[in-house]
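Following: one structure in structure tokens, then a few remarks.
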Amino acid sequence: MVNIGVLVSGSGSNLQAIIDSVEAGSLKASIKVVISDNSQAYAIERAKKHGIPSVVLLKKGYSSREEFDKEVVRELKENGVELVVMAGFMRIISKVILEAFPMRIMNIHPSLLPAFPGLDVQKKALEHGVKFSGCTVHFVDEGLDSGPIVIQAAVPVLDADTPETLAKRILAEEHRIYPQAIQFFSEGRIEFSGRRVSIKKNAEPSATVENPLVTVFGTLNENSPP
Ligand code: GRF
């Protein structure tokens, strides 16, 4: 189980996917707080509907990015957050948050990084003519969409695609892999080797009890001839 805080700015469909996974029991996490920098964000409504505390912080109330981020950190710490989940948060975070949660901040980005960091990425993918795009869950570091990659999912780019149709296809994958990445973190299975992330096999006894088949197949695979 991990306590998470979700940072949002907009629709919050990824937040919804995380809420749904928690409620379905496939994601062992507790959403302690949702923080938005936009008072109109539909994500706030989603949090309210599920009884999750939410906070709106407006940048005009703060003299600098660092002052704003200090308040974000205060809210996160006060709510006992262990993992920060950025889900459509439209601000670049400063060292204030990075240093408070080292390798404890995840983001989702709608491209196969390192291709197309930044904004308007579906348009950039179409203009470049790539045949596949997708989404990336990564840890956040000081660069732009540049941190260690946890999971990626690819989707085809079709001839008739517009930025909107491609975004929709990618979003469906985002909703699948973001809860999965958080669950890996929750189970303590994420390992770093430099900037490479690998997912340890789940050796926890509780997993054996919850799903014996996983263990059986895992054992069979290990003993199979090469
Ligand atoms: C998603 O496309 C995500 O990849 C990007 O911002 C968008 C957020 O969408 N970082 P939503 O608010 O979760 O619906």
Side-chain angles (χ1 to χ4, degrees), residues 1-59 62 65 68-94 96-110 113 119 135-141 145 147-151 153 167 170-188 190:
M1 173 70 94
V2 62
N3 291 338
I4 66 173
V6 186
L7 307 186
V8 297
S9 300
S11 144
S13 69
N14 277 287
L15 169 67
Q16 189 66 55
I18 293 164
I19 294 171
D20 292 347
S21 299
V22 169
E23 291 185 353
S26 56
L27 172 55
K28 307 276 188 289
S30 173
I31 308 171
K32 293 295 181 189
V33 64
V34 170
I35 301 177
S36 174
D37 66 338
N38 170 12
S39 59
Q40 302 304 309
Y42 186 61
I44 298 288
E45 299 306 313
R46 296 183 193 266
K48 282 187 182 150
K49 272 188 203 156
H50 293 266
I52 300 165
S54 58
V55 179
V56 176
L57 301 176
L58 299 178
K59 73 173 180 191
Y62 300 87
R65 183 188 302 276
F68 180 94
D69 284 358
K70 272 184 204 166
E71 188 60 17
V72 173
V73 169
R74 203 188 59 73
E75 288 289 351
L76 292 169
K77 296 272 184 195
E78 199 174 281
N79 283 285
V81 168
E82 298 160 302
L83 176 71
V84 182
V85 174
M86 294 172 62
F89 190 57
M90 298 304 286
R91 286 176 69 85
I92 294 181
I93 62 172
S94 72
V96 172
I97 304 180
L98 288 168
E99 286 172 3
F101 293 92
M103 284 301 145
R104 295 282 184 279
I105 308 169
M106 280 186 185
N107 183 40
I108 187 146
H109 182 77
L113 290 170
L119 297 174
C135 49
T136 304
V137 178
H138 63 94
F139 284 100
V140 178
D141 65 8
D145 300 321
I149 292 169
V150 184
I151 309 183
I170 292 172
L171 205 54
E173 292 302 303
E174 294 184 32
H175 298 163
R176 194 172 62 78
I177 66 170
Y178 214 180
Q180 177 69 77
I182 299 165
Q183 176 62 15
F184 286 150
F185 185 95
S186 173
E187 292 171 356
I190 294 185

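This is a predicted model, so every value here is computed, not measured. Note that these values count all heavy atoms, side chains included, but never hydrogens, waters or copies made by symmetry.
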Check the surroundings of atom CD in Gln40: do more than 12 heavy atoms from other residues, nucleotides or ligands lie under 6.0 Å from it? no
Got a second to check how far Asp69's CG is from Leu98's CG, nearest 0.5 Å? 8.5 Å
Find the distance between CD (Glu99) and OG (Ser94) and round it off to the nearest 0.5 Å. 8.5 Å
Verify side chain to side chain contact (heavy atoms under 4.5 Å, CB included) between Gln183 and Ser26, making sure each step is shown before the conclusion. CA-CA 8 Å; Gln183 176 62 15; Ser26 56; over 6 Å; no
Distance from Asn14 atom CG to Phe89 atom CZ, nearest 0.5 Å? 15.0 Å
Indicate yes or no for a side-chain donor-acceptor contact from Asn79 to the backbone of Val33 under 3.5 Å, with no hydrogens or angles considered. no
Can you confirm whether the side chains of Ser9 and Asn38 place a donor and an acceptor under 3.5 Å from each other? no
Please report the closest heavy-atom contact between Leu15 and Ala43, naming both atoms and the distance. CD2-O, 3.5 Å
Exercise: identify the closest heavy-atom pair between His138 and Gly147: CB-O, 3.7 Å
Let me confirm one number: the CD-NZ distance from Glu82 to Lys77, rounded to the nearest 0.5 Å. 10.0 Å
Minimum heavy-atom separation for Val140 to Met103, with atom names? O-CE, 4.5 Å
Side-chain contact, heavy-atom cut-off 4.5 Å: Met106 with Ile190? yes
What's the shortest heavy-atom distance between Met86 and Tyr178, and which atoms? O-OH, 2.8 Å
Heavy atoms only: give me the nearest Glu71-Tyr62 pair and the separation to one decimal. CG-OH, 3.2 Å
Validation row: Ile105, Asn107 side chains within 4.5 angstrom (heavy atoms): no
Between Ser36 (side chain only) and Ile44 (backbone N and O only), is there a donor and an acceptor less than 3.5 Å apart? no
Once rounded to the nearest 0.5 Å, what's the spacing between atom CD1 of Ile31 and atom CD1 of Ile18? 6.5 Å
pair Gln16-His50: side-chain heavy atoms closer than 4.5 Å: yes
Go through the steps to decide whether Gln180 and Ser21 satisfy the test side chain to side chain contact (heavy atoms under 4.5 Å, CB included), and finish with yes or no. CA-CA 9 Å; Gln180 177 69 77; Ser21 299; over 6 Å; no
Pair Ile177-Ile108, side chain to side chain contact (heavy atoms under 4.5 Å, CB included): steps then yes or no: CA-CA 9 Å; Ile177 66 170; Ile108 187 146; 4.2 Å; yes
Ignoring hydrogens, what is the shortest heavy-atom contact between Ile35 and Glu75? Give both atom names and the distance. CD1-CB, 3.7 Å
Any donor and acceptor pair, going by atom type alone, linking the side chain of Ser186 with main-chain N or O of Ile182 inside 3.5 Å? no
What do the steps show when you test Leu119 against Met90 for side chain to side chain contact (heavy atoms under 4.5 Å, CB included), and what is the final call? CA-CA 10 Å; Leu119 297 174; Met90 298 304 286; 3.6 Å; yes
Pairwise distance CG(Leu83) to CG(Leu76) - rounded to 0.5 angstrom: 10.0 Å
Which of parallel (below 30°), tilted (30 to 60°) and perpendicular (above 60°) describes Phe139 and Phe185? tilted
